[in-house]
Visitor: 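Before we start, here is the structure in question, set down as structure tokens.
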Amino acid sequence: MNLLVLSFPFRSVAVLPRESKMAQQVELNALNLQQLEMLKNQLDQETEMFAGSLQSLKAAQQKFVESQQNLDTLTPSNQGKEILVPLTSSMYVPGHLSDVKSVMVDIGTGYYVEKTTEEAKAYFKRKIEFCTQQMEKIQPLLQDRASKKQAVIDVMRDKMIQMQMMQMQQAGQPTRA
Amino acid sequence: MAALETMRNQLEKKLKEFQGVQKDLQKTASTRSQLDVQLNENRIVKDELELLETDSNVYKLTGPVLVKQDLEEAKANVGKRIEYIEGEIKRQDATIKDFEEKQEKSRKELTTLQQQFQQAQAKAGKA
């Protein structure tokens, strides 16, 4: 039977999140400090989410790469060779590589497909490319949020300085009796 | 003084209410994003199944065993699953909208109350 089961690492990947309400153009200067703080928190959350997605995608891609590389050992010259099959992570039983032509690929949600090694390689190539594409989509979003956050922080700082100045001026005026 | 005390109690009650709505909203939002992930995975599987030759062997993991499945049947099952999840997402979206409205209403009430309380406090301080 098919010895190699190639796992599907996509489970944890939330691909592109919805474009949030942030898209609307807001005049930062028109917002008060509390609103700016909320905006900053939202941007923080989004940045975190994108960074997380990026990391999961990278991990998923790495798994696909590993699976693809493992396929390279399934050559006709390796047929019939003795191998150790892991029953658990610390116990192995001897076995023979009886089939080097086909593998079972986990395509997600519990579905497995029998593929020839060539088909499986093509599958992994596709998946690796898919990961790259998704990452390329997320990268600019991440940068966009970072620059927006910087803008918000700048405005917040200006406002705070203004407020301090006003307070100092008020304190400087003699209080009316 | 007593009036100030009742206001304070009212304020605390409103604050708890607001925090409750906020929590509900967060919970629904996280369910929503989980559904998103599931939908995504199912879509990927569907795409993959569409690419297969008609004579491909497809198996479904049920418990610890792989059960052989007809390709067309598998496609239909995944399709149904996608439909179900999409429906569920719509439902969650409606709930989220509902909670958002509630949150906004609660926030406004809270701010008004807070202002009233501060005014009353300032008055009491002067007196």
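These numbers were taken from a predicted model, which means no experiment stands behind them. Order of the sequence lines sets the chain letters (A, B, ...), proteins ahead of strands, with each chain counted from 1.
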Visitor: Please determine whether residues V152(A) and M38(A) belong to a single hydrophobic cluster, defined as Ile, Leu, Val, Met, Phe, Trp and Tyr linked transitively by side-chain heavy-atom distances below 4.5 Å.
Guide: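 The answer is no; the residues belong to distinct hydrophobic clusters.
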
Visitor: Quick one: pull up OH in Y111(A) and CG in L49(B) and give me the separation to the nearest 0.5 Å.
Guide: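 One gets 7.0 Å once the value is rounded to the nearest 0.5 Å.
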
Visitor: Is it true that a side-chain atom of K115(A) and a backbone atom of S56(B) form a donor plus acceptor pair closer than 3.5 Å?
Guide: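 Checked: no pair found.
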
Visitor: What part of Q38(B) gets within 4.5 angstrom of chain A, counting heavy atoms only: side chain, backbone, both, or neither?
Guide: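 Q38(B) has no heavy atom closer than 4.5 Å to chain A.
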
Visitor: Mind checking what makes salt bridge (Lys or Arg N to Asp or Glu O under 4.0 Å) contact with K46(B), not counting sequence neighbours?
Guide: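 K46(B) satisfies salt bridge (Lys or Arg N to Asp or Glu O under 4.0 Å) with E50(B) only.
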
Visitor: Mind checking whether L28(A) and I153(A) sit in one hydrophobic cluster, side chains of I, L, V, M, F, W, Y counted as touching below 4.5 Å?
Guide: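 No, L28(A) does not connect to I153(A) through the hydrophobic network.
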
Visitor: Report yes or no: does E114(A) contribute a side-chain atom to a donor-acceptor pair with the main-chain N or O of N57(B) at less than 3.5 Å?
Guide: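 No.
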
Visitor: Check the surroundings of atom NZ in K102(B): do more than 12 heavy atoms from other residues, nucleotides or ligands lie under 6.0 Å from it?
Guide: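 Counting neighbours around NZ of K102(B), 12 or fewer heavy atoms of other residues, nucleotides or ligands fall under 6.0 Å, so no.
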
Visitor: State yes or no: do L61(B) and M104(A) share one hydrophobic cluster built from I, L, V, M, F, W and Y residues joined by side-chain heavy-atom distances below 4.5 Å, directly or via other members?
Guide: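 Hydrophobic grouping puts L61(B) with M104(A).
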
Visitor: How long is the gap from NZ on K60(B) to OG1 on T109(A), to the nearest 0.5 Å?
Guide: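 It is 5.0 Å, given to the nearest 0.5 Å.
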
Visitor: Are V93(A) and M91(A) joined in one hydrophobic group, where the rule is that I, L, V, M, F, W and Y side chains link up if heavy atoms are under 4.5 Å apart?
Guide: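 Linked, V93(A) and M91(A) end up in one cluster.
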
Visitor: What residue, out of T62(B), L71(B), L52(B), has the most heavy-atom pairs lying under 4.5 Å from chain A?
Guide: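 If we count pairs closer than 4.5 Å to chain A, L52(B) comes out on top.
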
Visitor: Please determine whether side-chain contact (heavy atoms from CB on, under 4.5 Å) holds for the pair E48(B) and V105(A), giving the CA-CA distance in whole Å, both sets of side-chain angles, and the decisive distance to 0.1 Å.
Guide: CA-CA 11 Å; E48(B) 200 51 48; V105(A) 182; over 6 Å; no

